Amino acid sequence: MFSTFLSNLADIRLIPYNVSIMKRYSPKEFEPKWQKKWQDEESFKAIDFDDRQKFVMLTEFPYPSGDGLHMGHVREYTLGDIIARYKRHQGMNVLYPMGYDAFGLPTENYAIKNKIAPQVATATNVGNFQKQFQSLGFSMDWSRSVNTTDPSYYRWTQWLFLQFFKEGLAYQKEVSINWCPFCKTGLANEEVVNGRHERCENLVEKKFLKQWLLKITKYADRLIEGLGDVDYPSRVADQQINWIGKSVGAEVIFKTENSNEDLKVFTTRPDTLFGATFLVIAPEHPLVQDLITQDHKSSVDSYLKSVQSKSDLERQDDNREKTGVFTGAYAINPVNGEKVPVWIADYVLMGYGTGAIMAVPAHDMRDWEFAKKFDLPIKRVVKNDASDDDCTADEGIMINSGKFDSLKSDEAREKIVSELKDLGLGEEKINYRLRDWIFSRQHYWGEPIPIIHCEKHGAVAVPEDQLPVTLPEVEHYEPTDTGESPLSKIDEWVNTTCPMCGKPAKRETDTMPNWAGSSWYYLRYYDAHNDKEFAAKDKLAYWADVDLYLGGMEHTTMHLLYSRFWHQFFYDKGLVPTKEPYKARRGQGIILATDGTKMSKSKGNVVNPMEIIEQGYGADSVRLTIAFLAPYDQTTPWSPESVTGMYRFLNRVWNITNEFMESSKNDSENDSTEVLRITHQTIKKVTHDLDNMSFNTAISAIMEMVNELYKLKVNSSMKSESWGFAIRTLLKLLSPFAPHIANELSSQLKSEDDSWPNYDEKYLTSEVMEIVIQVNGKVRAKLSLPVDSSEEIVIDAALKNERIVELIDQKTIHKKIYIKGKLVSLVVG
RNA sequence: GGGGAUGUGGUGGAAUUGGUAGACACGCUAGCCUUAGGAGCUAGUGAGGCAACUCGUGAAGGUUCAAGUCCUUUCAUCCCCACCA
């Protein structure tokens, strides 16, 4: 008590009386200086073919909206920057590129509304983004910057599209597409959320249009297999696998009575074929008209009409009742020759499998509901734990299945399929949930699809030497109501000649979706200015593939899957040297508003990172706050107070460094092993944490170091080798996170070396160890002993401890456990 | 219905192999200092208790000398997909 009082007095005396003689930490005064220097000197230029180990740090490039950077951007690019700077300090040739994914509807809508060309609006926004990136101190190689709307870029997007076209992987088809009546454009399945267009939230309609599609389904298996070769978080890999939705089953042919055409169905449970008591086909099924009998025609027609009038949203409603209608037709179950009725119902989807199913009500919940509602027969063919009156999808032992009785489900599956094969009435079949990628958009602001339509030759590729097909300048960007792109109204652009026969022909007027440019942009960073190829082979060989790709979880089934598909195709064509584009993928979590909800303009809870910098906290505080907030992949609310805390911490770093610089002028020589211990310990911890992307704990380790140093400086002079090492190391460890203050103070210290520090084990060991003593599992005492104490000595000391002696009293010790250097556990009773 | 994740103080979050739960920070309390700043310093801060001590990681069981961590059951929240046969 008394001694504590004294040491408090000592503390107070040794704290510099007048802190004001030192320059205050004021990031505004030096951050812009460093940013300008980095810009002017192109400090972060990645060098082609350099001998150092290469490291490609990729972050998803932004859509340059008029609103500037938001917190999500700042998190992503700050984390990328921390890694890029760290790897550079470790001596690697780091490529940390940035570009702009600038085609898209917001700019087009902005252009329509304000009568400003999208090219102009884009240029303005890009300039704004560039400035904001700079003000955050990001270490990007700007010499390789790309912009998807630049003709010198989309020339290669078009060229790559033509490779798909030549291979038959880009094709046109009349398809029922998701149509957004507000944006007046077609959408990919992935862009429809709850029956609404994910961008504008308007209800999506169905429209039948001739569209360009990319045959991503051809790569379904490869896209699954490829996941085995890369380091993706399991939730990303699982989500992609789930999205591709591979199911193994069989296609079974049912002969029909009324039609010459057979009905094909897909099932994953051919073992339940004997339980198929009826068939159901989708309302859009091509055989509908063929099958209906005269006396059912009117009821079928009215059902089809009612289905048509339903919106997608209604059809997907959770509480929907099963609806349907009997066609009057019958089909023959191939395994037992039974006549089963054919129904039409909208719970069967035309887009999956064959658009027809065999209904096994006893073993499929949907069929069960339908059978109950329309009083159709239910036949149990699998015996398992479930009650006979229930529907069960579980496997078991076959019953009511003729010669397959008493087989297990999986055996029956095999045998029945092989029998069907022999009969020529079925075979194994694999189906995917994944559909081909609808690649047409009916908009101005996108890459024109480089195709010319000729009456004689059909769709013809624009010759390579005529690329790019540039967007014409137009007066109006408004989409048309007919479902045609606004480009279709520009006759002088549309009318051209056929490259094959020279006769008059018309240009394709659809443009590509904005996923096109982003499907290959990382490749362009390897050779951003090449006007002969999309990237030179030797540069691809040097840089590919991306070592770490950081981005949003929301892109898992869109951009990330699309670009893997493109890359795999390019690999097959010998255009790229690696099978997969990205060696490792990580997804950062979302930063929510302080109230735990998503930040949104309409709620007015958006935090603007630029404002925080301008308020005087500076870029370093913002960067630290983001990295410290939570594990990088965790969704977490923003905390404005946290910025103050980081600013305070940087202030402490600033002050202790300045104190060190002051004291080194006149203090006496004095060394401290404690200073070295905390320094080496922190190097070890921060290095380990950075390798594991545990940014928040790395920062807390640096904070602990600073706190320790503050305590240590009270009793030891700062003028010593150890202190110099400690302060310089502190700045090095801090520099990936807060590069401005680290560079500023290092330059004041005239510390030129910027290599990552190494720790030395010998400084980590301390002379004493603290041993915890547990009695019956509870911590009862702590001992300080020399580190080299043997087990005997430790246990002996534990048993002699006053407190322990008291607790053991007369009781017997049943067991003594010693965990080296940590604890002694005594079991008494 | 399918897939994935997460539950720890007032808050954000720590906790290599099971080994001192709550690091680091925010906030709060008390005090000090001052050129009154978005500053700095000291002490305290899971709950209950004067204390010894007891309780405590969504809940309930279990394994173990020892469980936030392993096992079983269960509840809650979030994300993605969804009439996918």
Side-chain angles (χ1 to χ4, degrees), chain A residues 4 8 11-12 15-20 24-25 193 233-239 241-243 245 247 249 265-269 272 280 315-318 320 322 345-349 351-360 364-367 369-370 393 431-435 553-554 556-557 589-590 594 596 615-617 625 628-631 633-649 651-652 655 688 692 694 696-704 707 710 770-779 781-782 814-817 819 822-828:
Chain A
T4 323
N8 279 353
D11 285 358
I12 290 161
I15 290 160
Y17 203 67
N18 192 344
V19 191
S20 70
R24 281 182 47 76
Y25 171 55
V193 175
S234 61
R235 55 176 168 162
V236 172
D238 288 345
Q239 206 178 310
I241 290 168
N242 214 271
W243 183 263
S247 25
V265 306
F266 174 72
T267 177
T268 53
R269 293 293 301 275
T272 63
V280 188
R315 246 180 112 160
Q316 286 171 13
D317 187 7
D318 255 352
R320 68 222 122 177
K322 291 274 181 298
D346 68 355
Y347 80 90
V348 174
L349 310 173
Y352 183 76
T354 60
I357 61 153
M358 61 178 216
V360 185
D364 183 291
M365 201 56 209
R366 296 155 299 190
D367 301 342
E369 284 172 12
F370 194 79
N431 250 311
Y432 300 92
R433 216 189 65 101
L434 185 73
R435 314 288 159 82
M553 287 298 300
E554 70 275 17
T556 299
T557 53
I590 299 163
T594 317
Q615 279 163 0
Y617 286 108
T625 306
F628 184 71
L629 203 57
D633 56 353
Q634 192 170 307
T635 293
T636 195
W638 176 250
S639 135
E641 300 84 9
S642 193
V643 185
T644 325
M646 292 305 118
Y647 182 82
R648 243 178 242 168
F649 163 64
N651 207 16
R652 277 161 72 78
N655 288 343
H688 175 266
N692 291 288
S694 183
N696 56 335
T697 53
I699 292 169
S700 82
I702 301 173
M703 286 173 166
E704 273 179 86
N707 291 347
Y710 264 85
E770 195 181 56
I771 300 290
V772 170
I773 307 168
Q774 295 184 343
V775 177
N776 287 342
K778 297 210 161 133
V779 180
K782 289 169 193 179
H814 297 296
K815 216 168 176 182
K816 300 172 210 167
I817 296 151
I819 305 295
K822 279 188 177 152
L823 61 76
V824 173
S825 184
L826 302 171
V827 188
V828 305

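On a predicted model such as this, the values are computed, not experimentally measured, just so you know. The chains referred to below are lettered A, B, ... by the order of the sequence lines, with proteins before strands, and numbering in each begins at 1.
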Sugar-phosphate, base or nothing in reach of A:Arg235, heavy atoms under 4.0 Å: sugar-phosphate

Syn or anti conformation of B:G18, syn meaning chi within 90° of 0: anti

Presence of donor-acceptor pair under 3.5 Å, side chain of A:Glu641 and base of B:G12: no

Whole-Å P distance, B:G48 and B:G10: 10 Å

Which residue lies more 5' along RNA chain B, comparing A:Lys322 with A:Leu826 via nearest heavy atoms: A:Leu826

Sugar-phosphate, base or nothing in reach of A:Tyr617, heavy atoms under 4.0 Å: base

Sugar-phosphate only, base, or nothing, as touched by A:Phe628 at under 4.0 Å among non-hydrogen atoms: base

Separation of the P atoms in B:A21 and B:G68, to the nearest angstrom: 8 Å

Complementary nucleotide for B:G1 - Watson-Crick or wobble, under 3.5 Å: B:C81

Pairing nucleotide - B:U45, Watson-Crick or G-U, each distance under 3.5 Å: B:G27

Check: A:Asp364 side chain, A:Ala393 main-chain N or O, donor-acceptor pair, under 3.5 Å: no

Nucleotide opposite B:G7 in a Watson-Crick or G-U pair, distances under 3.5 Å: B:C75

Sugar-phosphate, base or nothing in reach of A:Asp367, heavy atoms under 4.0 Å: nothing

Sugar-phosphate only, base, or nothing, as touched by A:Gly645 at under 4.0 Å among non-hydrogen atoms: sugar-phosphate

Complement of B:U16, any strand, by Watson-Crick or G-U distances under 3.5 angstrom: none

Interatomic distance at C1', B:G56 relative to B:U73, whole Å: 22 Å

Touch class at under 4.0 angstrom, heavy-atom based, for A:Val827 against every strand present: sugar-phosphate

Rounded C1' spacing from B:U64 to B:G19 in Å: 12 Å

Touch class at under 4.0 angstrom, heavy-atom based, for A:Thr636 against every strand present: sugar-phosphate

Heavy-atom donor-acceptor pair, A:Lys822 side-chain to B:U16 base, under 3.5 Å: no

Touch class at under 4.0 angstrom, heavy-atom based, for A:Thr556 against every strand present: nothing

Under 4.0 angstrom between A:Arg648 side-chain N/O and B:C26 OP1 or OP2: yes

Sugar-phosphate, base or nothing in reach of A:Ser639, heavy atoms under 4.0 Å: nothing

Interatomic distance where CE belongs to A:Met703 and P belongs to B:A23 [whole Å]: 14 Å

Check: A:Lys816 side chain, B:C65 base, donor-acceptor under 3.5 Å: no

G-U wobble or Watson-Crick pairing nucleotide for B:G40 (cut-off 3.5 Å, both distances): B:C32

Nearest-Å distance once atom P is located in both B:G58 and B:G9: 8 Å

Touch class at under 4.0 angstrom, heavy-atom based, for A:Gln615 against every strand present: base

B:A51 pairs with, by Watson-Crick or G-U criteria that keep both distances under 3.5 Å: none

Touch class at under 4.0 angstrom, heavy-atom based, for A:Gln774 against every strand present: base

Touch class at under 4.0 angstrom, heavy-atom based, for A:Ile819 against every strand present: base

Test item: A:Tyr710 side-chain N/O and A:Arg652 main-chain N/O as donor-acceptor pair under 3.5 Å: yes

Touch class at under 4.0 angstrom, heavy-atom based, for A:Ser642 against every strand present: nothing

Touch class at under 4.0 angstrom, heavy-atom based, for A:Glu770 against every strand present: base

